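Single-structure report; data block below.
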Amino acid sequence: MQKPKRLERDLRPALVFLSGDLIAVPIPLEREQVELGREIGSDVRLNDSKVSRRHALILTSEDPITGKPLYTLKDCDSRNGTFLNGQRVTEEVLHNGDKIGIGDQLLRFDLLDEIDREYQRLIHRLISHDDLTGLLSGRSFFSELRREAERAKIERRSFCVLMMDIDHFKNVNDTFGHLTGSKTLEEIGETIINCLRSGDAAARFGGEEFAAFLLDAEVGQAFVAAERIRSEIETRAFSIVRQGQVGGTHHVTVSVGIASFPDDSSDPIELVEMADSALYRAKREGRNKTCIYRDVDQIEMASHLKPRLD
């Protein structure tokens, strides 16, 4: 009996990051020309000082013999060179599984079917997100924050960073147990996401500390958003877990600190430190409170707030 023919897989070209902030991310290569470089407008932007602004191209053409797509890696006279499987190259045809080195970034050229592409996306999500809350991990948050700071500098836009910490969280674990503590963290992550706009980013920094940045937001708008988060958490009934079953509720509060780009700082790391400093001022002043890094009279500011973020 003749074996049935195998169906042809729908293989599509992609670059998969093997290192750096975008590890495991598959970048589709479905255009005739894809540019890799440090420029803000590059198709694949590599935030690496060893990468030239316009570093390399991946060109798609048709093989004159087979008629199948042909993928070529071409260096754009970069300062530090483009490497293929460890060798510096000027222009070379790519084959499935080839490793491309650009600066400190290592990428693999792959032909992926639909299952492969979904698998790569899943792996990236597992690496870049906190498995309890589904929010970004601290590392991914800083990566996104650095990219946003660079965009904001070029486009002369402002944004704000929030640092949030659950008040007396140890009491939750001591009173109700660690299963309730984990469930509370999960529900707080859900509350934060529901209070933010699409495009804003939130992360769990580990333990009971959370962070967010708000795009195109002045400090007044950030204060409104922070107060909305604080108020929602204050009034929410959080689940108590007993013997694996949810039964009963409890309440917690959070303290929040805010810092603004570029008014407080244009350095993303320093911005987080400033928001953290404001957070601990909120703790010192009684908790369940929002504080701004700059010494602003919040009551006076509240009368001049911009419309709430929806």
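Being a predicted model, the structure only gives us computed values, none of them experimental. Heads up: numbering here begins at 1 and tracks the sequence. The basis for the numbers below is simple: all heavy atoms, side chains too, and nothing from hydrogens, waters or symmetry mates.
- For Thr60 (side chain) and Arg31 (main-chain N/O), a donor-acceptor pair under 3.5 Å exists by modelled atom type.
- The hydrophobic clustering, which links ILVMFWY residues whose side-chain heavy atoms are closer than 4.5 Å, places Phe169 and Ile192 together.
- The backbone N or O of Val241 sits less than 3.5 Å from a side-chain atom of Thr180, completing a donor-acceptor pair.
- Linking ILVMFWY side-chain heavy atoms closer than 4.5 Å, directly or via other members, places Ile193 and Leu162 in a single hydrophobic cluster.
- At distances below 3.5 Å, at least one donor-acceptor pair connects side-chain atoms of Asp43 with backbone N or O atoms of Glu35.
- Residues Gln105 and His55 have side chains not in contact (no heavy-atom distance under 4.5 Å, counting atoms from C-beta outward).
- Distance check, rounded to the nearest 0.5 Å: CZ of Arg146 to CD1 of Ile269 gives 6.0 Å.
- Remark: Arg287 CZ is packed, more than 12 non-hydrogen atoms of other residues, nucleotides or ligands lying under 6.0 Å away.
- In this structure, Ala14 and Leu112 approach most closely via the heavy-atom pair CB-CD1, 3.9 Å.
- Leu11 and Asp113 make their closest contact through CD2-N, 3.8 Å (heavy atoms, listed as atom of the first residue, atom of the second, distance).
- Here the side chains of Leu46 and Arg38 are not in contact, with every heavy-atom distance at 4.5 Å or above.
- Inter-residue side-chain proximity for Gln221 and Cys160 is flagged as unmet; no heavy-atom pair is nearer than 4.5 Å.
- Arg242 contributes a side-chain N or O that, together with a main-chain N or O of Gly247, makes up a donor-acceptor pair within less than 3.5 Å.
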Item to check | Derivation and outcome, side chain to side chain donor-acceptor pair (under 3.5 Å), residues Thr184 and His250 | outcome: CA-CA 9 Å; Thr184 300; His250 72 102; 2.9 Å; yes
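- Here the side chains of Pro262 and Ser158 are in contact, with some heavy-atom distance below 4.5 Å.
- Considering every non-hydrogen atom in both Arg88 and Ser78, the closest pair reads NH2-O, 3.8 Å.
- Looking at Ser140, its side chain never comes within 3.5 Å of a backbone N or O of Ser137 through a donor-acceptor pair.
- Counting only heavy atoms from C-beta outward, the side chains of Ile188 and Arg204 never approach each other to under 4.5 Å.
- If you check the side chains of Ser255 and Asp165, you find no donor sitting under 3.5 Å from an acceptor.
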Next on the checklist: Walk me through whether Phe17 and Leu15 qualify under side-chain contact (heavy atoms from CB on, under 4.5 Å).
Outcome noted: CA-CA 7 Å; Phe17 281 82; Leu15 289 178; 5.8 Å; no
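- Other members of a hydrophobic cluster containing Leu136 are absent, since no ILVMFWY side chain comes under 4.5 Å of it, directly or through relayed contacts.
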Item to check | Leu185 vs Glu208, side-chain contact (heavy atoms from CB on, under 4.5 Å): CA-CA, chis, key distance, verdict | outcome: CA-CA 7 Å; Leu185 292 170; Glu208 62 268 27; 4.3 Å; yes
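- Proximity of a side-chain donor or acceptor of Asp276 to a complementary backbone N or O of Val272 within less than 3.5 Å is not detected.
- At a threshold of 4.5 Å between non-hydrogen side-chain atoms, the residues Tyr293 and Ser277 count as touching.
- Salt bridge annotation for Arg108-Asp110: present, with a cationic side-chain nitrogen under 4.0 angstrom from a carboxylate oxygen.
- Phe205 and Phe141 have perpendicular rings, their planes meeting at more than 60° on a 0 to 90° scale where under 30° would count as parallel.
- By the 6.0 Å contact criterion, NZ on Lys74 is open, its count of non-hydrogen atoms from other residues, nucleotides or ligands being 12 or less.
- By the neighbour-count criterion of 12 heavy atoms within 6.0 Å, atom NZ of Lys283 is densely surrounded, having more than that number from other residues, nucleotides or ligands.
- Annotation for Ala275 and Val161: closest pair CB-O, 3.8 Å, computed over non-hydrogen atoms.
- No chain of hydrophobic side-chain contacts below 4.5 Å, direct or via other Ile, Leu, Val, Met, Phe, Trp or Tyr residues, connects Leu29 to Leu59.
- For the atom pair CG of Leu196 and CZ of Arg228, the computed distance is 8.0 Å after rounding to the nearest 0.5 Å.
- Residues Val89 and Phe109 share a single hydrophobic cluster, defined by chaining ILVMFWY side chains whose heavy atoms lie under 4.5 Å apart.
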Item to check | Pair Leu145-Phe261, side-chain contact (heavy atoms from CB on, under 4.5 Å): steps then yes or no | outcome: CA-CA 11 Å; Leu145 185 60; Phe261 176 99; over 6 Å; no
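- One N or O on the side chain of Thr235 and one on the backbone of Ser231 form a donor-acceptor pair closer than 3.5 Å.
- Counting heavy atoms of neighbouring residues, nucleotides and ligands inside a 6.0 Å radius, atom CZ of Arg151 exceeds 12 of them.
- Between Glu144 and Arg147 there is a salt bridge, with a side-chain nitrogen of the basic residue lying less than 4.0 Å from a carboxylate oxygen of the acidic one.
- With hydrophobic clusters built from ILVMFWY side chains whose heavy atoms lie under 4.5 angstrom apart, Val254 shares a cluster with Leu132.
- Within a 6.0 Å radius of CZ in Arg79, more than 12 heavy atoms belonging to other residues, nucleotides or ligands are found.
- A donor-acceptor pair under 3.5 Å is absent between the side-chain atoms of His251 and the main chain of Ile233, judged by distance alone.
- Of the possible polar contacts, one joining the Arg197 side chain to the Leu215 backbone as a donor-acceptor pair under 3.5 Å is found.
- Ionic pairing of Arg157 and Asp216 is present here: one or more N-O contacts between side-chain nitrogen and carboxylate oxygen are shorter than 4.0 angstrom.
- You'll find the side chain of Tyr71 stays beyond 4.5 Å of the side chain of Asp98, heavy atoms only.
- Although no hydrogens or angles enter the test, the distance criterion places a donor-acceptor pair under 3.5 Å between the side chain of Thr191 and the main chain of Glu187.
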Checklist entry - Given the rule in the side-chain contact (heavy atoms from CB on, under 4.5 Å) test, do Val34 and Leu57 qualify, once you have shown the distances and angles that lead to the verdict? => result CA-CA 6 Å; Val34 174; Leu57 299 173; over 6 Å; no
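- At most 12 heavy atoms of other shown residues, nucleotides or ligands fall within 6.0 angstrom of atom CD in Glu32.
- Across all non-hydrogen atoms, the minimal contact from Ser239 to Val246 is CB-CG1, 3.7 Å.
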